[in-house]
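Worksheet: one structure, shown below.
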Amino acid sequence: MLVDTPSPSMTAQETALFFDTASKYTYETYTKKAIGYITEFLNTEKFYSGVLPESLRSKVSLLQANPSQQLSIDETLEEIQELYLEHTIAFHHPTYVAHLNCPVLIPAIVGDLIASSVNTAVETWDQSTSATLIEQEMIRWTCEQMGLPATADGVFTSGGTQSNFMALLLARDHYAYVHYGLNLKEHGWSDEVSKFRFFCSEKAHFSIKKNAALLGMGYDAVIPVATDHQMKMKPDALVQAIEKEKQAGMIPIAIIGTAGTTDFGSFDPLDTIATIAKEYKIWFHVDGAYGGGYILTDTHQEQLQGIEKADSVTIDFHKTMFQPVCSSAFLVRDTANFKYVSHYADYLNPLEHRDEECPNLIEKSIQTTRRFDALKLWFTLKMVGAKTIGSFLEKVHYLAVELYHSMKDDPCFEVIHQPELSTLVFRYIASGITHDPILDTINLHIKNTLFKTGQASIACTKVDQKLYLKFTLLNPKSTLTDLRAIVQMIKNTGKNYKTSN
Ligand SMILES: *Cc1c(COP(=O)(O)O)cnc(C)c1O
């Protein structure tokens, strides 16, 4: 018989496990109450309360739990509201324009809730069944959007950093295997590998260098290639860099083109780079963590031309498909190349029991236990649709373009690029001041003041050693009026700094 309410003799702790119908009541009560607090977070007036770090640190009784503590759901939600919901950063707020964090789609949240509650782990068929098929379908769909061939495949990852790690690893091990007959997976390091070189633009994401270091190859294995005034990799500089390394006895093994650099949203000339990679017979990876999602737009098809020729692709759904963190994928042109990461464990996926009908996704991943992150995307595509996502992305791109036009002739600003995606990099120019270190100080002051007072969150970055401010726009509900208000805050803060110093 089904019981809807726990028997009065049961304590809250006894029904705390997602276990039987007695826990159903607890589940519903807790989630309903939590939803009340979460939706209150939507009313937040500012993107951030402006609370001081020491004030958060001093909330010791809220931070810590003692071993015998058993708070009620109401008490706990009150605590987390005071500790976190009232002070955390609201990415959905129109004054949050700092990093690549998007507001999330509610259907995706529902997918995430289901995935977390059922707690599927997708590494083997016997832990996941149809969840494996859903992940594979989301990967197939993504490969199809990118125009990759039928041999293509992929896997969900924790983010662009992990996807880029897999790209470098596969490119390296593939080159070592094909050209030197080396099996790095089994036998480890070989001297030739010290000479392997990756090429990417000087504006590429730092995870390329970091991953080369994690792979034991060091930052030196990554050769930065010069960019033009639009922050795009220069093809002639790429060829020169490859030739120079070859002359020095080094071995070029891969080119990484960026589809949407983190700071400028610039697209490297992917099609031209694909041709160069083909000429040198080396791996072509596209880091589309930021710009990859723009494959769903009508506006960016041209910039993404050539991605269909890539040997591998990184795409972050948690940046440009409005998914909760984490949701990201690594795609590879030829599924056979996953052999460089696959391992057969007796207890999990023994080779002798390999069965095409019941695939084990662990054979493609560097993780073992892995969340069912594909479900969020499935809910999104079913309920919101790829067209709407594409229109959201076009909207934030147009916002960046309009903002650019409204700022480029303003003497208070130096805007250093025309936005290709949805970022805008600029700095405040105080009248009469030309000395860069002073401008750096003023711009940093602006960024910090707006953050601390909860007025707006903007990012900063460096270009030619100089400090610039950055808008990253990922909120399709944001308006030009919202953004102009932030621009006005920047001007006011800049002016006040000058008069008070
Ligand atoms: C954000 C970003 C990454 C890293 O992705 P994570 O999901 O944060 O790990 C890699 N490359 C580019 C171009 C990015 O913008």
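Start at 1 with the first residue, then count along the sequence. Each ligand, and each atom within it, is numbered from 1 in the order the structure gives.
Here the straight-line distance linking atom CG of Asn443 with atom CD1 of Ile458 works out to 8.0 Å at 0.5 Å rounding.
When heavy-atom distances to ligand 1 are checked against a 4.0 Å cut-off, Thr314 has no atom that comes that close, whether in backbone or side chain.
For ligand 1, the polar-atom distance check against Gly159 finds no nitrogen or oxygen pair separated by under 3.5 Å.
Closest heavy-atom approach to atom 11 (N) of ligand 1 within the set Val286, Thr161, Asn101, Asp287: this belongs to Asp287.
Within 6.0 Å of NZ on Lys244 lie no more than 12 heavy atoms contributed by other residues, nucleotides or ligands.
Of the protein's non-hydrogen atoms, Gly160 N, 3.3 Å is the one closest to atom 6 (P) of ligand 1. The protein atom (non-hydrogen) at minimum distance from atom 14 (C) of ligand 1 is Lys319 NZ, 2.9 Å. If you check which protein heavy atom lies closest to atom 15 (O) of ligand 1, you get Thr262 OG1, 2.9 Å.
Seen from the ring of Tyr219, Lys209 counts as a face-on cation partner, given the 6.0 Å and 45° thresholds.
Ala277 meets the side-chain contact (heavy atoms from CB on, under 4.5 Å) test with Ile255, Ile282, Phe284; sequence neighbours excluded.
Checked for salt-bridge contact, Asp112 and Lys376 meet the test: a charged N lies under 4.0 Å from a carboxylate O.
Under a 4.0 Å heavy-atom criterion, His318 is in contact with ligand 1.
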